[in-house]
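Numbered from 1 within each chain, the chains take letters A, B, ... in sequence-line order. Being a predicted model, the structure only gives us computed values, none of them experimental.
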Number of protein chains: 2
Amino acid sequence: MKISEARQQFISTWGAMGTHWGINRTMAQVHALLMISADPLTQDDIMAQLNISRGNVNMNIRDLIDWGLVDRVLIPGERKEYFTAEKDIWKVATQIIKERKKRELDPMMKLMDQLSKVEGDKRDKEVKTFLDTINGIKKFGAHADDMLDVLVKSDENWFLSTALKIFK
Amino acid sequence: MKISEARQQFISTWGAMGTHWGINRTMAQVHALLMISADPLTQDDIMAQLNISRGNVNMNIRDLIDWGLVDRVLIPGERKEYFTAEKDIWKVATQIIKERKKRELDPMMKLMDQLSKVEGDKRDKEVKTFLDTINGIKKFGAHADDMLDVLVKSDENWFLSTALKIFK
DNA sequence: TAGAATTTTCAAAAATTACTGAAAAATAAT
DNA sequence: ATTATTTTTCAGTAATTTTTGAAAATTCTA
């Protein structure tokens, strides 16, 4: 397989995978392209390589920056903005975990706290089942939260080697 | 907050969350409804409670069964089929992890293996960056695979308490 | 085996989400 | 301050995904 074909394949698959993870196809493709690009790219480079419009590139790049996965790079003497992606996959993963925890787990747990205050007789089967579910999620969420914090704060080698030694 | 309102809120939020996780809104809502329902429900119950069509219920229920999150229940003497969801959230989580590993991680790793065989001079910057990315993902994926296996096979209390004791 | 109840399928419609491209805003150069 | 370059916005359009509902298939009953 030739390098150009392999690159295409990677971008396309990473994009398809994105849709399974609540990220839109194009955003994942831009990310893939930047990950395998040795040097920073401009909006025009990305437009050309992925065959998408300027507006589309602009919006997805902004989202990627919000996610902390892409950085603006200033090249001295150049007028245009350049963009580059974090290439260490462990850092990419922890960054995604950190963001999703903030955007999804935290608000979900806040809601569970509210819902667990529902009024009603706990001997009522409907109320009991509801509260059991909510409280189960609360407990699980609290554990997950703690573990993800540890995971995100630790460095790759320490975490993975320790974890595997112990759990395997 | 009254129980009926709380239930609605839970179903609606769980549904919205689903869309962030590559699951469609309705499928997540059906799952939410079944989790907080004390007794098994029929397709008609679900249609009525979520205000959706028969075909929609049918397809989403089937998907949930494929995911291993919902089971058909036979009630003696009843003609209709009943459905129920696993209520232990740890089991729900491990089931989802197991399925996603199979559907997403495994094929992705297979692709990385192929792509790492790309032909080209490793001193070429383009080739080197590509291979570094691919190999990084391979290494990361292998670790993740091992850890998820342990996680899925262990029981909740053992895993969470051991993990927290060690890593906190 | 015929008829009734229930489930499944799937083409068409609706709803949602993503993309384009041109105009406006911002930034830099002269 | 004017012009040139680049970035950003966003209304309209396109593409994709989800939902409906009625017909077909299946399953059960007698």
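- Comparing D/dT19, C/dA18, C/dT20 by their nearest atom to the side chain of A/N24 picks out C/dA18.
- A/N56 has its CG atom 16 Å from the P atom of D/dA14, to the nearest Å.
- As a whole-Å value, the separation of B/E78 CD from D/dT27 P is 19 Å.
- In this structure, B/R62 reaches the sugar-phosphate backbone alone: every heavy-atom distance under 4.0 Å involves primed, P, OP1 or OP2 atoms, never a base.
- The interatomic distance linking A/R72 (CZ) with C/dT27 (C1') rounds to 13 Å, in whole Å.
- The nearest heavy atom of DNA chain D to B/G55 and to B/R79 marks one nucleotide each, and the one closer to the 5' end goes with B/G55.
- The A/K80 side chain lies nearest to D/dT7 when the options are C/dT8, C/dT20, D/dT7.
- Remark: B/R100 is positioned above the aromatic ring of A/W21, its terminal NZ or CZ atom under 6.0 angstrom from the ring centre and at most 45 degrees off the axis.
- For A/S53, taking side-chain heavy atoms from C-beta onward, the closest of the listed nucleotides D/dT19, C/dG21, D/dT7 is C/dG21.
- To the nearest 0.5 Å, atoms OG (A/S53) and CD (A/Q43) are separated by 10.0 Å.
- Dense packing is recorded around NZ of A/K101, with more than 12 heavy atoms of other residues, nucleotides or ligands lying under 6.0 Å away.
- As a whole-Å value, the separation of A/I52 CD1 from C/dG21 P is 12 Å.
- When the side-chain nitrogen and oxygen atoms of B/R25 are compared with OP1 and OP2 of D/dT19, none of them lie within a distance under 4.0 Å.
- Considering only side-chain atoms of A/R54, the nucleotide from D/dT19, C/dT20, D/dT7 that sits closest is D/dT7.
- For D/dT7, neither phosphate oxygen OP1 nor OP2 lies less than 4.0 angstrom from any side-chain nitrogen or oxygen of A/N58.
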Audit row: A/V127, A/D121, side-chain contact (heavy atoms from CB on, under 4.5 Å) steps and yes/no: CA-CA 7 Å; A/V127 175; A/D121 186 345; 5.8 Å; no

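- Per the geometry, CD1 belonging to B/I75 stands 14 Å off P belonging to C/dT6, to the nearest Å.
- Heavy-atom distances to DNA chain D give each of A/E81 and A/M59 a nearest nucleotide, and the one nearer the 5′ end belongs to A/E81.
- Geometrically, B/R103 engages B/W67 in a cation-pi contact, judged by NZ or CZ lying under 6.0 Å from the ring centre and within 45° of the ring axis.
- Per the geometry, CD belonging to B/Q43 stands 14 Å off C1' belonging to D/dT27, to the nearest Å.
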